[in-house]
Amino acid sequence: MPDTRYLIPEARRAVRALSASRIRDIANVGMDDKDVLAFWFGEPDQVTPAFIRDAGIASLAQGETFYSQNFGIPELRQAIADYVTALHRPTAPDAIAVTASGMSALMLAVEALVAPGDRVVVVTPLWPNLVEIPKILSADVVCVPLAFGPSGWTLDVDRLLDALTPGTRALMLNSPNNPTGWTIDRGTQEVLLAHCVRHGIWIVADDVYERLYYPDDYACAPSLIDIADGRMRVVSTNSFSKAWLMTGWRLGWIVAPQPLMPDLGKLIEYNTSCSPVFVQRAGVVALRDGEPTVDATRERLRRARNRLIDGLRTLPGVQLAPPAGAMYAFFRIEGVADSMAFCTKLVQQAKLGLAPGSAFGPEGEGFVRWCFAASDERLDDGIARLARFLGSETMPTKIVSDPI
């Protein structure tokens, strides 16, 4: 028998093949430098409102430190169901699964639906986690790119439909999109839904930014669960992180067809078992009393978006379009051929932290992402630092990777 004591202690091939987050790689360059002004992560810079924090504190004070139901406490499932019903369509609590973050919701949904070798289609540029999650399960991921032009980012619907071939297992769709802010319109949703229903293709919708949508007179972005009834193969994932300023609480939810729920319950048990009760109590209060917070957050980010866009437009070589949703400006800089090299130099020389466009797929190369969930003072300082860097003598005509 061969000696197996010293076989290489490594993860399975599909995990080793995953791409590391280039956002995290850039952050690691400057995270410990207090002089770096960071806009690389997608996180509001405001703390969770006191009334939400107080609910969590009160739960802890009452000793609610034990396990809860896999699907979440009944009060939170009901609150989410009421919220979804008011915003989208009638939804019962038994179609809701509470999860330990929006990230966990996405992972659970894909675990429930995708097997090794399955074909999964994604629309890119895209937050890298969504592209890599199916790969963890050894699925084959097909990317359909958005196009950037004078009117911003647009989707070639026919190209996407061609990619959604019979036998495709799932379409993963993030709208409003991270990083571009692109938001799918109702007509395109209807076409995609009809196509996927016809071919039995699941749609996993990442709706985390639905409340951060900036056209006037809209409470939220168009959602597939507005038009898909509870019997269709549509799963919506969401999170308390962005609109309620609760990134660190790690609380999210899934809206799914009822036949899928028992299997989601098993996966929750075998992943996290449950979300902490005190966090869920905070979620109940956020939904019950938090609409003013959501409205204020959206308006603050709308103003921040406009301020940043106006500032960036004064800089030479910058090409951008105002995003319709989410919390990012995704813009191209003339002469930047390697966004990772550019952002590394930007951290080191200008003490400004932005995310490289290549982190969001090859379609994002040449672009950088700036999270504008920040104060006016921080945004103005960041614009000034970028302006000095772009105008400095050390700024080469074309940024490329340093030779190895």
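Partner of M340 under the side chain to side chain contact (heavy atoms under 4.5 Å, CB included) criterion, chosen from R22, E365, K345: R22.
Side-chain contact check for Q280 and S275: no donor-acceptor pair (N or O, by modelled atom type) lies under 3.5 Å. Using modelled atom types, one finds a donor on one side chain and an acceptor on the other under 3.5 Å when comparing N271 with E111. Defined by atom type and a distance below 3.5 Å, a donor-acceptor pair is missing between the side-chain atoms of Q258 and D94.
Ion pair R302/E299 flagged as a salt bridge, since at least one NZ, NE, NH1 or NH2 atom sits closer than 4.0 Å to an Asp/Glu carboxylate oxygen.
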Salt bridge (charged side-chain N to carboxylate O under 4.0 Å, His left out) assessment of E210 paired with K242 = CA-CA 10 Å; E210 67 172 359; K242 315 297 184 179; over 6 Å; no
Derivation of the salt bridge (charged side-chain N to carboxylate O under 4.0 Å, His left out) call for K135 and E132 = CA-CA 5 Å; K135 296 179 184 178; E132 300 300 314; 3.4 Å; yes
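For the side-chain hydrogen bond (donor to acceptor under 3.5 Å, both in side chains) test, no residue two or more places apart in sequence or in another chain qualifies with Q46. For R231, the salt bridge (Lys or Arg N to Asp or Glu O under 4.0 Å) partners are D229, not counting sequence neighbours.
By the 4.5 Å heavy-atom criterion applied to side chains, E334 and P316 are not counted as neighbours. At least one side-chain heavy atom of R307 sits under 4.5 Å from a side-chain heavy atom of D380. No side-chain heavy atom of T247 sits under 4.5 Å from any side-chain heavy atom of F41. Put simply, the side chain of R369 does not reach to within 4.5 Å of the side chain of S339, judged on heavy atoms. Looking at heavy atoms from C-beta onward, N306 lies out of side-chain contact with I309 at the 4.5 angstrom threshold. Taking 4.5 Å as the limit, some side-chain heavy atom of V110 sits within range of a side-chain heavy atom of M172.
W253 and Y83 have perpendicular rings, their planes meeting at more than 60° on a 0 to 90° scale where under 30° would count as parallel. Aromatic ring orientation, F372 versus Y214: tilted (interplanar angle from 30° to 60°).
For F367 and F360, the distance between ring centers is not under 6.0 angstrom.
For R53 (side chain) and T48 (main-chain N/O), a donor-acceptor pair under 3.5 Å exists by modelled atom type.
Taking CZ from R385 and CG from L354, the interatomic distance works out to 11.0 Å, rounded to the nearest 0.5 Å. Annotation: the span from E190 atom CD to I227 atom CD1 amounts to 5.0 Å, rounded to 0.5 Å.
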